[in-house]
Structure formats: structure tokens, C-alpha cells
Amino acid sequence: MTALEDATAIYWHEGNLLTGETVAMSLSDPGFLYGATVFTTLRVYDRDLHHPWTAWNAHRERTQRSFQTLQWREPDWQRVEQGAIALAQTYPVLRITLFPDGRELIIGRALPTHLMNHQKQGIIAWVADEPIYCRSLSDHKTGNYLGCWLALQTAKRREAQEAILTNAQGHWLETSTGNLWGWAQGAWWTPPLGVGILPGVLRSRLLQGLEQQGITVIQQPWTMATVAQFTTLAYSNSVVAVRPIRTILQGTVSVNYNPDHEKITRLNTAWQSVS
């Protein structure tokens with residue numbers, strides 16, 4: 001029986017490989033009190049942290065940039081990598097959480113259920129158009145993800161699988177777990193950095209891959225006029241790669257898109273050749 005089947009989880013904490021469902025933490029820990037952590041979630045291919053598709057170096061570099069910006073003490077990266085390699089033998093998805101003083105906590109999980117079906121059939125996404133649904137310090141993947149979590153829970157109550165976050169102007173920003181992509185006028189469109197979105201690792205790899213293929217990508221804010229042009233919609237993150245969005249729920253209106261569009265297939269493979 002593997003750890004995925006067993007009720008006892010395996011995790012890595014401060015240089016130790018442990019089992020169980022709890023971890024000791026000081027009551028005054030800022031990670032506990034304020035969500036003062038930076039984390040990254042990655043999919044491990046072939047149980048190999050250094051597989052090109054796992055993109056471990058890109059995840060590490062993004063996390064390092066956050067630590068430099070926040071002026072935190074960097075972790076022992078050799079120890080972090082050791083823990084990630086150990087858990088990658090059991091789990092296909094790792095969440096690496098780092099604390100301001102450099103401590104690390106790495107947990108693993110299975111791939112999302114219905115992943116293959118959703119990639120073929122597409123998902124339903126609900127537009128979260130209230131200010132409560134926002135992400136703190138959007139340029140960084142911090143532990144304060146309450147806005148995204150609330151948006152996703154509300155979306156699920158509406159029988160949707162994702163939520164689309166918006167800003168005060170009503171512009172679409174990103175989903176609760178990934179970056180947005182739309183196809184129109186012979187090009188892919190994606191919201192630009194600097195408007196309140198996370199610089200996703202897979203987003204960056206997709207931009208590189210599409211450029212190598214000579215496919216135009218337009219990075220500009222998604223107003224309602226922009227969104228109205230799209231014939232195909234998708235979102236991306238490092239765990240699910242590219243998922244098409246077949247239906248958008250916004251208020252009392254629903255709009256359908258074609259999840260089988262051949263452009264989705266090309267988008268989903270654009271990142272795989274990027275080193």
C-alpha cells in the first residue's frame with residue numbers, strides 16, 4: 001500500500017522525513033498568525049524533481065525573488081531539495097512552504113480527481129465580481145490565500161470548478177488557482193503582470209513556447225470588451241497544465257465555449273519543449 005492509499009501522510013519538516021497528519025508550530029509563529037509564508041506547488045513528472053517538465057529551477061527562482069523582496073532569510077535550498085526529492089518518490093504533486101526564518105515544510109498529494117475528463121471536456125468557471133475575492137500581495141505566492149479559497153468555495157456551491165477573480169474595474173485577472181488564456185483574432189491573450197496576477201511558472205513557460213512557435217500573445221488587461229471577443233478560454237497552472245473552460249457563469253448569464261478547439265491542444269503542448 002502506498003502513502004496515497006494509506007491514511008498516514010508522509011511529509012518533510014525542517015530536514016526530517018516524518019509521518020502523520022499534524023505538525024508542531026509555535027503559537028506565536030507568524031506563519032500561523034498571519035499567513036507569513038511563501039509557497040510553491042509543482043507537479044513532479046516521472047518522480048524526478050529535475051525532469052524538464054517539473055521545472056524545479058523556475059519554482060525555486062520565483063520563490064527566491066519573493067524572499068529577496070520580502071527581505072526574509074533564505075532557506076537551506078540543499079535541504080529543501082532533499083525533502084522534495086524524498087517526497088517525489090510517493091507524491092506527484094508537492095507543496096513547498098517556506099517560512100520567514102528559512103524553515104521548510106513540504107507536503108504531497110495526488111493529482112486532482114477528474115483531471116483527464118476536465119482537460120477533454122472543459123470546466124465551468126464562475127466570475128467572482130465582489131471585492132472580498134482578492135489575493136494579498138498578488139505578485140507573490142504567499143500563505144494568505146483566503147480570498148482565492150473563498151472564491152473557489154463559492155464557485156463550487158454554484159456547481160463550478162473554478163472562480164475567476166476580478167479587480168475594482170471589473171477586469172478579469174486570473175482564476176483562484178491559475179492564469180487565464182483566451183483565443184481571439186488569431187492570437188492568444190493573457191492578462192499582463194502588474195495588474196494583480198501571479199507570475200505563474202507555467203504561464204512563463206507557455207509564453208516562451210508560444211514565442212518559439214511564432215504564435216502571437218497579447219498581454220493587456222481583460223476588459224469586458226476584450227472578453228467578449230474570445231472563442232476559446234482556458235487557464236493554466238503547474239499541476240493541471242492547461243484546462244479548457246467550457247462555460248462561464250456571471251450573474252444570471254452563462255456563456256459557452258468550445259473545449260475541443262484545436263488551439264487548446266497546441267497551447268497545452270507549447271510549454272513542453274521549453275528548457
Side-chain angles (χ1 to χ4, degrees), residues 40-46 48-65 115-123 125 138-139 141 162 164-165 167 171-175 177-248 255-275:
T40 192
T41 304
L42 54 87
R43 179 172 175 177
V44 181
Y45 289 85
D46 294 338
D48 183 1
L49 189 69
H50 296 289
H51 190 290
W53 293 3
T54 304
W56 161 241
N57 287 336
H59 284 274
R60 172 175 167 169
E61 289 168 5
R62 183 182 63 182
T63 305
Q64 285 179 303
R65 289 194 295 271
L115 177 58
M116 293 185 64
N117 286 340
H118 287 166
Q119 286 175 330
K120 292 178 181 178
Q121 300 172 8
I123 64 156
S138 58
D139 290 342
K141 202 173 179 73
E162 257 296 349
I164 294 176
L165 308 184
N167 62 15
H171 300 169
W172 291 14
L173 301 176
E174 59 189 353
T175 75
T177 65
N179 295 112
L180 285 166
W181 299 86
W183 178 262
Q185 302 179 21
W188 280 108
W189 300 56
T190 190
L193 300 181
V195 299
I197 71 168
L198 180 74
V201 169
L202 193 70
R203 176 186 184 276
S204 176
R205 291 168 64 80
L206 281 167
L207 289 173
Q208 294 178 62
L210 292 169
E211 181 181 5
Q212 291 173 4
Q213 294 178 10
I215 299 174
T216 300
V217 179
I218 299 174
Q219 300 184 60
Q220 69 177 44
W222 280 23
T223 65
M224 292 312 299
T226 303
V227 171
Q229 303 178 78
F230 298 141
T231 58
T232 300
L233 272 180
Y235 80 100
S236 65
N237 66 41
S238 293
V239 174
V240 305
V242 175
R243 259 182 176 174
I245 299 173
R246 74 169 188 268
T247 302
I248 291 290
V255 180
N256 295 320
Y257 297 86
N258 180 10
D260 298 323
H261 197 292
E262 58 94 11
K263 292 294 186 297
I264 290 287
T265 301
R266 293 186 65 182
L267 180 65
N268 201 21
T269 57
W271 60 275
Q272 295 176 2
S273 61
V274 176
S275 59

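Values below: all heavy atoms of this structure, side chains included; hydrogens, waters and symmetry mates excluded.
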Using every non-hydrogen atom in the two residues, find where [X] and [Y] come nearest and quote the distance to one decimal.
X	Y	value
Arg205	Pro52	NH2-O, 3.1 Å
Val217	Leu210	CG2-CD1, 3.5 Å
Ser236	Val242	CB-CG2, 4.3 Å
Gln219	Arg203	OE1-NH2, 2.8 Å
Ile245	Tyr257	O-CB, 3.5 Å
Ser138	Gly196	OG-CA, 3.2 Å

Enter the distance from [X]:[atom1] to [Y]:[atom2] here, rounded to the nearest 0.5 Å.
X	Y	atom1	atom2	result
Leu267	Glu262	CG	CD	11.0 Å
Leu198	Asn179	CG	CG	6.5 Å
Trp181	Lys263	CH2	NZ	15.0 Å
Ile197	Trp222	CD1	CH2	10.0 Å
Thr175	Leu165	OG1	CG	7.0 Å
Thr177	Tyr235	OG1	OH	4.5 Å

Under the criterion side chain to side chain contact (heavy atoms under 4.5 Å, CB included), I'd like the reasoning laid out for Ile218 against Gln185: C-alpha separation, chi angles, the key distance, then a yes or no.
CA-CA 10 Å; Ile218 299 174; Gln185 302 179 21; 5.6 Å; no
Donor-acceptor list for residues 55-65 side chains, cut-off 3.5 Å, not counting sequence neighbours:
from  : atom 1 : to     : atom 2 : distance (Å)
Trp56 : NE1    : Glu81  : OE1    : 3.3
His59 : ND1    : Thr40  : OG1    : 2.6
His59 : NE2    : Ser238 : OG     : 3.4
Arg62 : NH1    : Pro199 : O      : 3.3
Arg62 : NH2    : Thr40  : OG1    : 3.0
Thr63 : OG1    : His59  : O      : 2.9
Gln64 : NE2    : Glu74  : OE1    : 3.3

Using 30° and 60° as the class limits, which term best fits the ring planes of [X] and [Y]: parallel, tilted or perpendicular?
X	Y	result
Trp188	Trp183	perpendicular
Trp53	Tyr45	perpendicular
Trp189	Phe230	perpendicular

Can you sort out the partners of Thr223 under side-chain hydrogen bond (donor to acceptor under 3.5 Å, both in side chains), two or more places apart, ordered by chain and number?
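Only Thr226 meet the side-chain hydrogen bond (donor to acceptor under 3.5 Å, both in side chains) criterion with Thr223.
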Measuring only between side-chain heavy atoms, which start at C-beta, is [X] closer than 4.5 Å to [Y]?
X	Y	result
Ile264	Thr232	yes
Leu49	Leu42	yes
Ile248	Ile164	yes
His118	Val240	no

Side chain to side chain contact (heavy atoms under 4.5 Å, CB included), that's the test. Do Val227 and Val255 meet it? Break it down for me.
CA-CA 11 Å; Val227 171; Val255 180; over 6 Å; no
Test log, rule side chain to side chain contact (heavy atoms under 4.5 Å, CB included), inputs Arg43 and Asn237
CA-CA 10 Å; Arg43 179 172 175 177; Asn237 66 41; over 6 Å; no
Could you check whether atom CD of Gln213 has more than 12 heavy atoms from other residues, nucleotides or ligands sitting under 6.0 Å from it?
yes
Mind running side chain to side chain contact (heavy atoms under 4.5 Å, CB included) on Asn167 and Val195 for me, showing each step along the way?
CA-CA 9 Å; Asn167 62 15; Val195 299; 5.6 Å; no
